[in-house]
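Because the structure is predicted, anything quoted here is derived from the model rather than measured. Below, read A as the first sequence line, B as the second, and so on, with proteins coming before strands; counting in each chain starts at 1.
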4 protein chains.
Amino acid sequence: MSKDLHVRSTDKFSFGLWTVGNRGRDPFGEAVRPKIEVSDMLRGLADIGVYGVSFHDDDLMTFGASEPQRRAELDAFKKDLEATGLKCTMATTNLFYHPVFKDGAFTSNDPQVRKYAIQKVMRNLDVAAELGAPVYVFWGGREGVESPTAKDTRDALSRYAEALDFLAGYVKDKGYDIKFALEPKPNEPRGDIYLPTVGHALAFIETLQHSEMVGVNPEVAHETMSGLSFYQGVAQAIWQGKLFHIDLNDQRIGRFDQDFRFGSEGIKDHFFLVRLLENSGYEGVKHFDAHAYRTEDVEGVWDFARGCIRNYLAFAEKAREFDADPRVAEAMAYTGVAELAVPTVGPYTPEAAAGLMAETFDVDTLAKRGFGIEKLDQLAVDHILGIA
Amino acid sequence: MSKDLHVRSTDKFSFGLWTVGNRGRDPFGEAVRPKIEVSDMLRGLADIGVYGVSFHDDDLMTFGASEPQRRAELDAFKKDLEATGLKCTMATTNLFYHPVFKDGAFTSNDPQVRKYAIQKVMRNLDVAAELGAPVYVFWGGREGVESPTAKDTRDALSRYAEALDFLAGYVKDKGYDIKFALEPKPNEPRGDIYLPTVGHALAFIETLQHSEMVGVNPEVAHETMSGLSFYQGVAQAIWQGKLFHIDLNDQRIGRFDQDFRFGSEGIKDHFFLVRLLENSGYEGVKHFDAHAYRTEDVEGVWDFARGCIRNYLAFAEKAREFDADPRVAEAMAYTGVAELAVPTVGPYTPEAAAGLMAETFDVDTLAKRGFGIEKLDQLAVDHILGIA
Amino acid sequence: MSKDLHVRSTDKFSFGLWTVGNRGRDPFGEAVRPKIEVSDMLRGLADIGVYGVSFHDDDLMTFGASEPQRRAELDAFKKDLEATGLKCTMATTNLFYHPVFKDGAFTSNDPQVRKYAIQKVMRNLDVAAELGAPVYVFWGGREGVESPTAKDTRDALSRYAEALDFLAGYVKDKGYDIKFALEPKPNEPRGDIYLPTVGHALAFIETLQHSEMVGVNPEVAHETMSGLSFYQGVAQAIWQGKLFHIDLNDQRIGRFDQDFRFGSEGIKDHFFLVRLLENSGYEGVKHFDAHAYRTEDVEGVWDFARGCIRNYLAFAEKAREFDADPRVAEAMAYTGVAELAVPTVGPYTPEAAAGLMAETFDVDTLAKRGFGIEKLDQLAVDHILGIA
Amino acid sequence: MSKDLHVRSTDKFSFGLWTVGNRGRDPFGEAVRPKIEVSDMLRGLADIGVYGVSFHDDDLMTFGASEPQRRAELDAFKKDLEATGLKCTMATTNLFYHPVFKDGAFTSNDPQVRKYAIQKVMRNLDVAAELGAPVYVFWGGREGVESPTAKDTRDALSRYAEALDFLAGYVKDKGYDIKFALEPKPNEPRGDIYLPTVGHALAFIETLQHSEMVGVNPEVAHETMSGLSFYQGVAQAIWQGKLFHIDLNDQRIGRFDQDFRFGSEGIKDHFFLVRLLENSGYEGVKHFDAHAYRTEDVEGVWDFARGCIRNYLAFAEKAREFDADPRVAEAMAYTGVAELAVPTVGPYTPEAAAGLMAETFDVDTLAKRGFGIEKLDQLAVDHILGIA
């Protein structure tokens, strides 16, 4: 009999409208599923315990439509949110689909395109504020090149920073309670995308005028595409106080952007990821940016959405059990996990330096210590497999 | 007839002692080449136009030897430097070979190991200062994990930062004219290494107490292992003012750390990389951290070293020709490369925002512009192939 | 001044209709370029020295159209071929775009879909025969899974073989002078595609009823996606007598299927690839399966097409120069390249075995030989860069 | 309380002597663990329920030692086998460690090296026969190149085949009951290794004189390095009747050869792999070719070995439960898994062709079918996580 796993009020799961709304179009094939109306999506998501939804401007309001039409679409959405009790947890801009962005948005070589992109964000920031979205995500999917000679990277990064500084200025000026989260990706659809990893984005943020209101939105698939450990990237972002949002899905290393159901590929990694999120005090939403396999009809879409949530809950429960297991505590003590929390030498002083210089170390004896990590790691696998 | 390419006085090529000294040991085989004496290496390098050399403490002074022996080894090296006119361009610490570092150096779970590691660096910083090395590299090859549960990443990063802060304090206290350069690597020999990419290292540096004296030492092989563009990573480091050193070699994406002859694999990337280094005002050394194929005897080692230099010089000359080609200038103008150097909107003001909001854009017309990048990129390929 | 490189009558370059016809749609964006009429494509291709073209059934004849319309479209194409003198060099079936193939074509779990797929190929084999296409390509882009549990791989391979056996039977029965070429790909659009590499396809072919009429169509991008050496895969296919067709384009390892201009990424590999094709007696077409960057308008499409050809011709000329260079001959002799063509022991006989068992080898002396590969490889790089 | 999982008599687990004997040497560090005596290894392995062991000639008998010493070492091993009841399940040759093999063994450019390599195998085939090893593995770790110009691949494959034909002739001539299993690997320690994947090896085998006695020995780490699905490769090998042996361990895609504890990384894949092995009638040993993390002492080595076995047993039990779950049966029926076992059209006949040509298909209706794979796959994840 299937184990019941219940969504807790603190879980705050969120889905993008484009995720359950994904119709299965891919580079080699056309859409396979009918359009689901936004109101149906919201009802469906509310039914499975979801806390909120996120959107691109163009998901909600028809691109290029008249202001009255856009207002009507927005009002309908607000009514649906109210009816379902769902929150708007994040907003973002579609700066990638229309051909105008083919060479970039904030970093297009064409200054008119760059201006248009900034304006498009400003308009949607107004919408985000109206909907109460606390986080605004920037995924610069078209900010990049196929040929290194098509842009001077330094100019591109300067224009990128300029746009974000301007937009942060706008948010502050308007008094919006919105933070920015940059979403890194190494490639696809561009050959090389600027800010390819969590690290590059964190570094870039430090150069921004209002860096305190800018963090990252790491995505499993994006970091995994380049074979980096998603867990480690998220951990560094948390350590630097910059995990403002997170995109959960799944992916094989070194492949096209797959956006699979969370927990369907990288099981061990995700156990540790969920444990980290649960234990680190992260208070943002757990946002699923994934979609159903193209083999699925609408029913399969809801199987997919339930699966994302189920796997998160399973990992969270396993993490609690792991942390409560006395054998784990013992193995961690043997490995010396807590020893790493203790400062090594403290801040520099000449006296501390002299003292350290005077010490002698029996290196060969120190080298003999075994760290017991095979045992500890197997305990984690045991918990993951439910055989602990 | 082979085209002559001459080393210029501004080229400042440098090799690590461990590069031409590499004996061909690998995970599946033992050493294939005899030891080359340090004095022979220096003579050989001087003969092919090299500017300087770099070293790990243990390359120069026998690990665990008595102080008099270490002093004698160091003095011999200084005499050899003087005899050949080579500079000591960089120093670094071997914190990876001895079993004592198997669980990390600055981030070992064992506090005694962490202390020993810091002391080992301090001792070699004294040597580096004595030898006039302007840059001290930190490659944390053992700072990482195979299992995420063996260390709390946040503690590990705190210990890493603590060690660097202490060591920077030491350098400042002693008045040494030395900068630090962190060398990122995603994995190997550890499953996941902390600071896996240029981006993660740049982000980490911003958290350091003396961040102004800490930059990065990107390595072709390390960044390429994870499929990231080395060129783009170096460009971001330059943009952030943090390219303090560079390790040139070659590598296929997604493979073990190969350290091949510079220019033997990633030809197009390296053309753009050399062009960037030459045009950006980078004044550091061009440091080759590579080694000869294991099929080679000592003669092949020198073929390897000459090849690294030859390829750099060839790319540098091609870059100059590319930049001087009027067809390239025309193609770049068509692509709009220079347009990207112009600010889009300037700093935020309410007036600027209102002005931008009021603009209208003919998006479909803007979308029609072709950027001519196939033509421009092919011109680059033409120059690379010598058929322009 | 740009070096002239002329298409030779033996070059037999070919393009797919979908390559210059590519409109720049990708997973994150819509088409950016207008449709080019087939007749304009053919004229454009003929103008740049192309020998022939290839097509999917649906490129030429509207999917689902009436027989008279399909006949009219086909007749128009034949007239255009005649007018331009272009040959039809290859035909293939679109078994991937329509939603009916979402779970596979020959390996769909739905037997009706499998039947329909075979029928669709049969119809297009008739067209291929009428157009005189000597090769029929099978790219099973939808033959695969995201979840291993959705198909039993052994059943899938049996159905795949069954379909090919049936279709080969059809070709033989009809007396068509057509060979089959299987095109491997590791993933995209499916999570895992059957016959992921040249090797897997070659192995599978040996199980077919009419294996003598089935070979492979390796594609640069597909083999490179998984980080395998395209050169080595093609060489094995040639060695096994199975290189029936080839798809030339370009790609970075470990990324989405990029289909870049041939010669725009993997320069060194492609030099050796072209040298292999030129020297091996391969008599098939050199087929470009690539498309222009999405930043390009129609003019850029023709720059792209010219670039593919130019790079092939440049590599071919460099290969001839490399093979004619006496320093290369000397270096190859030193490396012992020709020694590898000599049998080691010949066929097994008890006498040969006894003789070999009785020999003694001075292993340490044999181990001392250096193979001079750094020098030889650098000579290749010199020729590639035009600095030999 | 930890779930007990018991080794069944049919499990036939085996370990290489070099696995528990691994001392933790890597490219950046020296050995960290003491040598374990062969007799201690055998006792330890017997204690944890292992069925047999495998060896390289040089693991057992000192390289270059006199015949009496080799005989004594072999006799000691036989006595230890007898004492512990362990079988010798596989033998193989070390053709990679000594510098003499730096350019290859069967494909070295030096004919003397090639002869020596064949002789070395012959000698060890005699040992394998004496020890009753049913399978002889060939891992051609040095058979490859860094530069494509150093060998003509076609000559290399011819020499490779020649050596295997000769050795198969020897086995048949001697009447040994031994099969050969080729172990593919894409790279490391060579830049490119011949027979890089299961597919390439299967294809190559078909060219051999005694192909019926040659199969493959796929290894998790090797196939996974290049991002291919190990599961799919093994399934094709089984489908072609060529799975003669298997090497179980673990690995991240796109990294150095990690040889981690089986089940410590690719959990979902391995569930399906074990299910395949258990259900396919594979009767060979389950051979672990892995080693403990370098952080471990000898105690950790045994934790590692137990973990390999435990994870296999857990996956096997979960596979049985999965296959017995009626919800799985229902979901599989919905997905149509069994439908794929039914021939589509059967063998070609003109009548069958005419019949198929005459059929009409309602493509749009067929396209509407959803395959329910999200649900089915999640059931698999549920079983893996123990929450079904």
Side-chain angles (χ1 to χ4, degrees), chain C residues 99-100 103 109-116 118-119 122 147-151 153-157 159 162 166 169-170 173 186 192 196-197 199-200 202-203 206 226-229 231-232 235-236 239 272 335-336 339-341 343-345 348 350 353 356 361 363 366-367 371 373 376-377 380, chain D residues 99-100 103 109-116 118-119 147-151 153-157 159 162 166 169-170 173 186 192 196-197 199-200 202-203 206 226-229 231-232 235-236 239 272 335-336 339-341 343-345 348 350 353 356-357 361 363 366-367 371 373 376-377 380:
Chain C
V100 76
D103 182 52
N109 283 356
D110 190 325
Q112 287 299 102
V113 174
R114 300 202 297 265
K115 279 189 174 180
Y116 171 65
I118 295 173
Q119 190 203 60
M122 288 164 75
S147 169
T149 190
K151 295 185 195 296
T153 305
R154 294 162 295 175
D155 290 335
L157 293 173
R159 294 293 78 70
E162 182 197 0
F166 193 91
Y170 183 72
D173 183 29
D192 284 299
T197 75
H200 294 77
L202 289 172
E206 294 305 313
S226 61
L228 297 174
S229 163
Y231 170 84
Q232 297 293 348
Q236 184 172 346
W239 183 72
F272 285 112
T335 296
E339 294 176 60
L340 192 58
T344 307
V345 285
Y348 181 81
L356 179 56
F361 299 90
V363 176
L366 285 172
F371 284 88
I373 299 174
L376 175 58
D377 188 75
Chain D
V100 76
D103 181 51
N109 283 357
D110 190 325
Q112 287 299 103
V113 174
R114 301 201 296 265
K115 279 188 174 182
Y116 171 65
I118 294 173
Q119 190 202 60
S147 169
T149 191
K151 294 184 197 295
T153 305
R154 296 163 294 176
D155 289 336
L157 292 174
R159 293 294 77 70
E162 182 197 1
F166 193 92
Y170 182 72
D173 183 29
D192 284 300
T197 75
H200 295 77
L202 288 171
E206 294 305 313
S226 61
L228 298 173
S229 163
Y231 170 83
Q232 296 293 348
Q236 183 171 346
W239 182 73
F272 285 113
T335 296
E339 295 177 60
L340 192 57
T344 308
V345 286
Y348 182 80
L356 180 56
M357 254 338 200
F361 298 91
V363 177
L366 285 173
F371 285 89
I373 299 173
L376 176 57
D377 187 75

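- With a 4.5 angstrom heavy-atom cutoff, Leu356(C) touches chain D via backbone and side-chain atoms both.
- If you measure heavy-atom distances from Arg159(D) to chain C, the contacts under 4.5 Å come from the side chain alone.
- Chain C forms more heavy-atom pairs under 4.5 Å with one residue of Glu162(D), Lys151(D), Gln112(D), Glu206(D) than with any other, namely Glu162(D).
- Top candidate by heavy-atom pairs under 4.5 Å with chain D, chosen from Ala341(C), Pro111(C), Ala380(C), is Ala341(C).
- Both the backbone and the side chain of Gln119(C) come within contact range of chain D, judged by heavy atoms closer than 4.5 Å.
- Every residue two or more places apart in sequence or in another chain was checked for a side-chain hydrogen bond (donor to acceptor under 3.5 Å, both in side chains) with Thr335(C), and none qualifies.
- With a threshold of 4.5 angstrom between heavy atoms, Phe361(D) approaches chain C through side-chain atoms but not through N, CA, C or O.
- Your options are Gly227(C), Ala235(C), Ser226(C), and the one with the most heavy-atom pairs under 4.5 Å with chain D is Ser226(C).
- Heavy atoms closer than 4.5 Å to chain D are found in both the backbone and the side chain of Tyr116(C).
- Of the listed residues Asp103(D), Leu340(D), Thr153(D), the one with more heavy-atom pairs under 4.5 angstrom with chain C than any other is Leu340(D).
- Note that CH2 of Trp239(C) and CG of Leu157(D) are 5.0 Å apart. Values are rounded to the nearest 0.5 Å.
- Heavy-atom distances place both the backbone and the side chain of Asp377(D) under 4.5 Å from chain C.
- Between Leu366(C) and Asp110(D), the shortest heavy-atom distance links the atoms CD2-OD2, 4.0 Å.
- Nearest heavy-atom pair across Arg114(D) and Glu339(C) is NH2-O, 3.1 Å.
- For the residue pair Gly199(D) and Ala203(C), the shortest heavy atom distance occurs at O-CB, 3.7 Å.
- When each of Ile118(C), Leu202(C), Thr149(C) is checked for heavy-atom pairs under 4.5 Å with chain D, Thr149(C) comes out on top.
- Proximity to chain C (any heavy atom under 4.5 Å) is shown, for Tyr170(D), by both the backbone and the side chain.
- Residues Thr197(D) and His200(C) approach most closely at OG1-CE1, 3.2 Å, considering heavy atoms.
- Heavy atoms closer than 4.5 Å to chain D are found in the side chain of Asp192(C), but not in its backbone.
- Heavy atoms only, all atoms of each residue included: Pro148(D) and Phe272(C) are closest at CG-CD1, 3.5 Å.
- For Ile373(D), the part sitting under 4.5 Å from any heavy atom of chain C is the side chain, from C-beta outward, and nothing else.
- The choice from Thr344(C), Val113(C), Leu376(C) that makes the most heavy-atom pairs within less than 4.5 Å of chain D is Thr344(C).
- Of all heavy-atom pairs between Ala367(C) and Val100(D), the closest is CB-N, 3.5 Å.
- Contacts between Gln236(D) and chain C at a heavy-atom distance below 4.5 Å involve backbone atoms as well as side-chain atoms.
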